[in-house]
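Note that the structure is predicted; figures quoted are calculated from it, not measured.
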Protein chains: 2
Amino acid sequence: MTETNVSFRALSASCKTCSLAELCLPRGLQAEEFQRLDDVIKARRVVHAGDLLFKEGNDNRSIYAVRSGSVKTFAITESGEEQVLGFHLPGEIVGLAGLDESIHNCSSKALETSSICEMPLDDLEDICLQIPSLQKQLLKLISREISQDHKMLLLLAKKNSDQRVATFLLSLSGRFKLRGLSSESFMLSMSRQDIANYLGLAVETVSRILTKFGDDNIVEVTRRSIQIVDHDRLLEVAST
Amino acid sequence: MTETNVSFRALSASCKTCSLAELCLPRGLQAEEFQRLDDVIKARRVVHAGDLLFKEGNDNRSIYAVRSGSVKTFAITESGEEQVLGFHLPGEIVGLAGLDESIHNCSSKALETSSICEMPLDDLEDICLQIPSLQKQLLKLISREISQDHKMLLLLAKKNSDQRVATFLLSLSGRFKLRGLSSESFMLSMSRQDIANYLGLAVETVSRILTKFGDDNIVEVTRRSIQIVDHDRLLEVAST
DNA sequence: CGGCTGCTTGAAATGAGTCAACATAGGTGG
DNA sequence: CCACCTATGTTGACTCATTTCAAGCAGCCG
């Protein structure tokens, strides 16, 4: 086995592991190390809209990589309502919040037909001990998760409804771009209900704002298809 | 060096490290391991109200344990406002969000005269490789941080102002209790401004609600001193 | 072709914010 | 030691953004 770094191309070529890019790419693993990581990963699994990836209270500690499709994570409040905590697109990791107490403290559901890779955490922790750079990378990912949550706290605490929706659209746009997809034209895989829930707004408010953005020629919205027409104005709205 | 587990009493006896209970206690480190951890910790440091522990963009990656006093963490928004992300009481760890990108992505400021232990992350990561249980414990702590943030997202997205303030008081109460302090009677080290900012409310709203809780004989509030009179009613308000 | 679910739109209700004035505590300096 | 000054906190009146309630519309599936 050679000592060359595993490139993004090589990762992508490996069917089982291509969605692990986020976990191992930034530091560049040695091929041997990469193989060890590869062994941990269970075969990918196809889920359909509404299927649960994992459930609050689950004792099966794993993290999941979205290969294709999309999922949402959510918690259930004392009063039984759902709180959407985040949406996860292809290439992103889900389940990093569930490392405590050996159980997941939130649930995850597929928004559409999706392909998912599962990595049992016990195994992952073990090879982290063997591959220091992987441990660092895992910590980084989790830390990034916290940063993301902090952005969300800020959004909920300080931004008005226009800013929230604009920020949401820009976040999706940026993440699509990162994965090489169109940042200006995409489909929403989540319902207005999910968006509203996530942004702490009423469905009606989200609907009204999308219509308004449409009237103002900032985006073109047709049902779940989004076309960002004026990226700059959207940016302006998001931070104003 | 004996192989006995380090007890809480032993930890507490160690001046330098007593606030590390949260990091090493739950799994019980061996004495030798404990010594290695102890070596990482820089001497404790006394900070005064308004002093910065660390600053956004700092390249000095460390986590901090609050030994006495209290601190807040906060981020600065694009428009220059402050967003309070959390308050940290004695025995709690600060700075877990800053492991990514080699910089802290939020800042931390002392709310009163406080004693703080600093642990450089590079050293901590190194000994994590030698002490697997410590790695798990660190992951758990970070994961708990995420859970806490999720609770906060839920609060900001779903709860009204009464519920937010009630939840806040109960959170403090519970954390004081956990550290062996009175859960029914305590001092707020943070200003109304900080509370309001944290809860996504206006100062006036926080003030009004505290007054109302006082009128309803749920708590007694005198400036920054809080006495919880009717814990059950407070619980009821928080979740209603 | 219904019927269902998800989305949009309008009108009315309301919770929280804003603005402004006032109160009190703690600190400073004459 | 007292008088003043500034910080922080409280209270009231008014405004407004967002929610709630209610109705109508459109795409989709059996």
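A:Ser62 places no side-chain N or O within donor-acceptor distance of the main-chain N or O of A:Glu118, the cut-off being under 3.5 Å. Between the side chain of B:Thr240 and the main chain of B:Glu236, a donor-acceptor pair closer than 3.5 Å is present. Between the side chain of A:Ser239 and the backbone N or O of A:Leu235 there is at least one donor-acceptor pair closer than 3.5 Å. For the pair B:Thr211 (side chain) and B:Ser207 (backbone), a donor-acceptor distance under 3.5 Å is present.
DNA chain C is contacted by B:Asn160, B:Ser161 of residues 151-161 of chain B, taking any non-hydrogen atom closer than 4.0 Å.
Between B:Arg164 and B:Leu156, the closest side-chain pair of non-hydrogen atoms falls below 4.5 Å.
B:Asp194 meets the salt bridge (Lys or Arg N to Asp or Glu O under 4.0 Å) test with B:Lys72; sequence neighbours excluded. Every residue two or more places apart in sequence or in another chain was checked for a salt bridge (Lys or Arg N to Asp or Glu O under 4.0 Å) with B:Asp216, and none qualifies.
Salt-bridge check for B:Glu184 with B:Lys177: failed, with every basic side-chain N at 4.0 Å or more from each acidic carboxylate O. By the 4.0 Å N-to-carboxylate-O rule, B:Arg192 lies too far from B:Glu204 to be salt-bridged with it.
Here the straight-line distance linking atom CG of A:Leu53 with atom OG of A:Ser107 works out to 10.5 Å at 0.5 Å rounding. Distance NZ/B:Lys158 to CG/B:Leu153: 10.5 Å, rounded to 0.5 Å.
Shown are A:Thr205, A:Thr167, A:Val237; of these, the side-chain contact (heavy atoms from CB on, under 4.5 Å) with A:Asp162 is made only by A:Val237.
Among the heavy atoms of the strands lying under 4.0 Å from A:Gly200 are primed sugar atoms or P, OP1, OP2 only; no base atom is included.
Heavy-atom contacts of chain B under 4.0 Å fall on DNA chain D between two terminal nucleotides, which in 5' to 3' order are D:dT8 to D:dA13.
In textbook terms, a nucleotide whose glycosidic angle is within 90° of 0 is syn, while C:dA21, being further out, is anti.
Aromatic ring orientation, B:Phe54 versus B:Tyr64: parallel (interplanar angle below 30°, classes split at 30° and 60°).
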What does the list of N/O pairs under 3.5 Å between the protein and nucleotides 7-9 of chain C look like, with a distance for each?
residue	atom	partner	partner atom	Å
C:dC7	OP1	A:Arg224	NE	3.2
C:dC7	OP1	A:Arg224	NH2	3.3
C:dC7	OP2	A:Arg192	N	3.1
C:dT8	OP1	A:Arg192	NH2	3.1
C:dT8	OP2	A:Arg192	NE	2.8
C:dT8	OP2	A:Ser207	OG	2.8
C:dT8	O5'	A:Ser207	OG	3.0
C:dT9	OP2	A:Thr211	OG1	2.6

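Between its opening and closing five pairs, the helix from C:dC1-D:dG30 to C:dA23-D:dT8 changes axis direction by 40°, a value rounded to 10 degrees.
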